[in-house]
Amino acid sequence: EVATRTALQPPFRIKRILVPIDFSECSSKAFQYALPFVKEHQAAISLQYVVPQTYGTSEYGAIDSMGLQTSMRDTGEKDLAKLAADEVGGVVANDTVVRVGSPARKIVEVARSLPADLIVISTHGPTGLKHVFLGSIAEHVVQRAPCPEFIVREREHEIGVRSQSR
């Protein structure tokens, strides 16, 4: 009886999953991968959007960086709330987090403060000089995160959904 009970319990318990969202197709794919984990473990899901730090000048002159950041933050909050309501609803506990700054740094900070048990993050897979000098956000998160990560690449085969009629 003890062996049966132990076999039915997962080897670990995931309580909260953090999913960084940049509203790209790739981050949407990561979100879709996260949902089965959330449901299986009855975990809470936190959706995070990071507004990249902007600076006050461009090649065309000064820009209103604070106004731009505020607008991006407001749009991010609304879009995350809609995503959570439409896709997660009342199925599991969920919340949204919007921060301004370096995406990798802010993702790691939020993962620590929640605390997150798993980060499901997408990567667009930068190549060439951009990757050599900057790396990817996902790579920086993997190096610094306080918990395991599940990386979803933009171009990979899809994991099939198991048929319920076996």
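Listed for the Ser71 side chain is no donor-acceptor partner under 3.5 Å among the backbone atoms of Gly67. In terms of modelled atom types and a separation under 3.5 Å, the side chain of Ser27 and the main chain of Phe23 share a donor-acceptor contact.
Taken from NE2 in His140 to CD1 in Ile121, the straight-line distance is 11.0 Å, to the nearest 0.5 Å. Taken to the nearest 0.5 Å, the CD1 atom of Ile151 stands 10.0 Å off from the CD atom of Glu139. One distance of note links CG of Leu80 with NZ of Lys78; it measures 13.0 Å at 0.5 Å rounding. Within the model, atoms NE2 of His41 and NZ of Lys39 stand 14.0 Å from one another, a figure rounded to the nearest 0.5 Å.
Considering every non-hydrogen atom in both Gln32 and Pro36, the closest pair reads O-CD, 3.2 Å. Among all heavy-atom pairs drawn from Ala34 and Ile45, the shortest one is CB-CD1, 4.4 Å. The minimum heavy-atom distance between Val50 and Gly101, with the atom names listed, is CG1-O, 3.5 Å.
Contact check for Gln69 versus Gln53: side-chain heavy atoms found under the 4.5 Å cut-off.
The salt bridge (Lys or Arg N to Asp or Glu O under 4.0 Å) test applied to Lys82 returns Asp86, not counting sequence neighbours. Checked against ring-ring contact (aromatic ring centres under 6.0 Å, His included), Phe31 has no partners two or more places apart in sequence or in another chain. Scored by the side chain to side chain donor-acceptor pair (under 3.5 Å) test, Asp79 finds no partners at all (sequence neighbours excluded). Applying the side-chain contact (heavy atoms from CB on, under 4.5 Å) test to Glu25 and every residue at least two apart in sequence or in another chain returns nothing. Legend: residues meeting salt bridge (Lys or Arg N to Asp or Glu O under 4.0 Å) with Glu77, ordered by chain and number and at least two apart, are Arg73. Residues satisfying the salt bridge (Lys or Arg N to Asp or Glu O under 4.0 Å) test with Arg99, not counting sequence neighbours, are none. With sequence neighbours excluded, no residue forms a side chain to side chain donor-acceptor pair (under 3.5 Å) with Asp117. Remark: Ala111 pairs with Leu18, Ala116, Ile119, Pro146 by the side-chain contact (heavy atoms from CB on, under 4.5 Å) rule, at least two apart or across chains. The side chain to side chain donor-acceptor pair (under 3.5 Å) check on Ser46 picks up Arg16, Asp95, with sequence neighbours excluded.
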Item to check | side chain to side chain contact (heavy atoms under 4.5 Å, CB included) between Ile137 and Thr123, intermediate numbers included | outcome: CA-CA 7 Å; Ile137 292 169; Thr123 182; over 6 Å; no
Next on the checklist: Applying side chain to side chain contact (heavy atoms under 4.5 Å, CB included) to Val88 and Leu35, what does each step give before you reach the verdict?
Outcome noted: CA-CA 8 Å; Val88 181; Leu35 291 175; 4.1 Å; yes
Item to check | Criterion side chain to side chain contact (heavy atoms under 4.5 Å, CB included) on Val98 and Gln48, from CA distance to verdict | outcome: CA-CA 6 Å; Val98 177; Gln48 180 183 12; over 6 Å; no
Next on the checklist: For Leu47 and Asn94: C-alpha separation, side-chain torsions, deciding distance, then whether side chain to side chain contact (heavy atoms under 4.5 Å, CB included) applies.
Outcome noted: CA-CA 8 Å; Leu47 304 178; Asn94 64 82; over 6 Å; no
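For residues 106-116, every residue pair satisfying the side-chain hydrogen bond (donor to acceptor under 3.5 Å, both in side chains) rule, not counting sequence neighbours, is listed here: Lys106-Glu109. Identified under the salt bridge (charged side-chain N to carboxylate O under 4.0 Å, His left out) test for residues 43-53, with sequence neighbours left out: none.
No option in Ile14, Ile17, Leu118, Val91 other than Ile17 meets the side-chain contact (heavy atoms from CB on, under 4.5 Å) test with Val38.
Aromatic ring orientation, Phe150 versus Phe37: perpendicular (interplanar angle above 60°, classes split at 30° and 60°).
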